[in-house]
Amino acid sequence: MEAIKSKNVAAFNYLANIPKEKWTLAHDDGWRRGIMTTNMSECINSVLKGARRLPITAIMELTLQRCVQYFIQRRGRSQKMMEKNQPWTDFACEKFEKWSRKSIEHRVVQFDQRDQMASVATGSRPGSQHHIQVVKISTRDCTCGKTTIFGIPCSHVICASKWFRLDPAHLVQPWYALSEYVNTYDGRFYPVHDEQYWDEPAFQLQHNPVRRERIRVGRDCTTHIRNEMDQSSNQQRRGRYM
Ligand SMILES: [Zn+2]
């Protein structure tokens, strides 16, 4: 907060009035609100991009088509992962393997057997940075924060769990299990029949000409609140044409 204050007092005053657990990963007790809300809505938005401002029937059709394609692609991906007989999704496997390799370079310098707490020193390789991280296996916690954020044991937790003769694979959160991924995309979609086969609706649609009138001259203003994700996509787009 002091670093923010030194750069921008107005920003500091604004943030000081908002509870820290609402906007920082370090203080949200592992709920990951930003990742689970803002990023999730951006993911859905990116899938459905281009479906805005179209007639309602076109929006419905495009939304259905995109969702069907999304599910088909992921069912194909889950099939490939099952053929490799891996326990978790590619994302979790890659992270676990990368951090397992890294854990070999660490050293457990202190430990508490009862709480399965350890102090893990990094940087045994010449030229690498030396840090000490405190790990508590019973609560799947490490001061580096990666285990809480990702739900996958970081290199320090892997190193410490081996010290306590525990299998670090058991510390990967169950939602990364391949069976969960397969179940998520197991839903089926069915084609929509042509309009002539539809049932007669029990109501009558009424056209409201007032709603279609153009109230202002010129382009409509967007109500979209721009954030850092818009900025990064703009930068990418600029980079493409440079
Ligand atoms: Zn760690």
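Just the heavy atoms: all of them, side chains too, but no hydrogens, waters or symmetry mates, feed the values below. Computed from a predicted structure; not experimentally measured. Each ligand, and each atom within it, is numbered from 1 in the order the structure gives.
- Aromatic ring pairs are classed by plane angle as parallel below 30°, tilted from 30° to 60° and perpendicular above 60°; the pair His156 and His106 is parallel.
- Considering Cys142, Ser103, Cys144, Pro168 as possible partners of Val157, the one that fulfils the side chain to side chain contact (heavy atoms under 4.5 Å, CB included) test is Cys142.
- With a 6.0 Å radius and a threshold of 12 heavy atoms from other residues, nucleotides or ligands, Gln206 has its CD atom at or below the threshold.
- With respect to Arg188 and Asp186, a salt bridge is recorded, a charged nitrogen being found less than 4.0 Å from a carboxylate O.
- Under 2.8 Å from the Zn ion (ligand 1), one finds the following protein N/O/S atoms: Cys142 SG, Cys144 SG, Cys154 SG, His156 ND1.
- Side chains of Lys102 and Lys98 form no contact here, defined as non-hydrogen atoms less than 4.5 Å apart.
- For the pair Arg66 and Tyr70, the cation-pi criterion (under 6.0 Å, within 45° of the ring axis) is not fulfilled.
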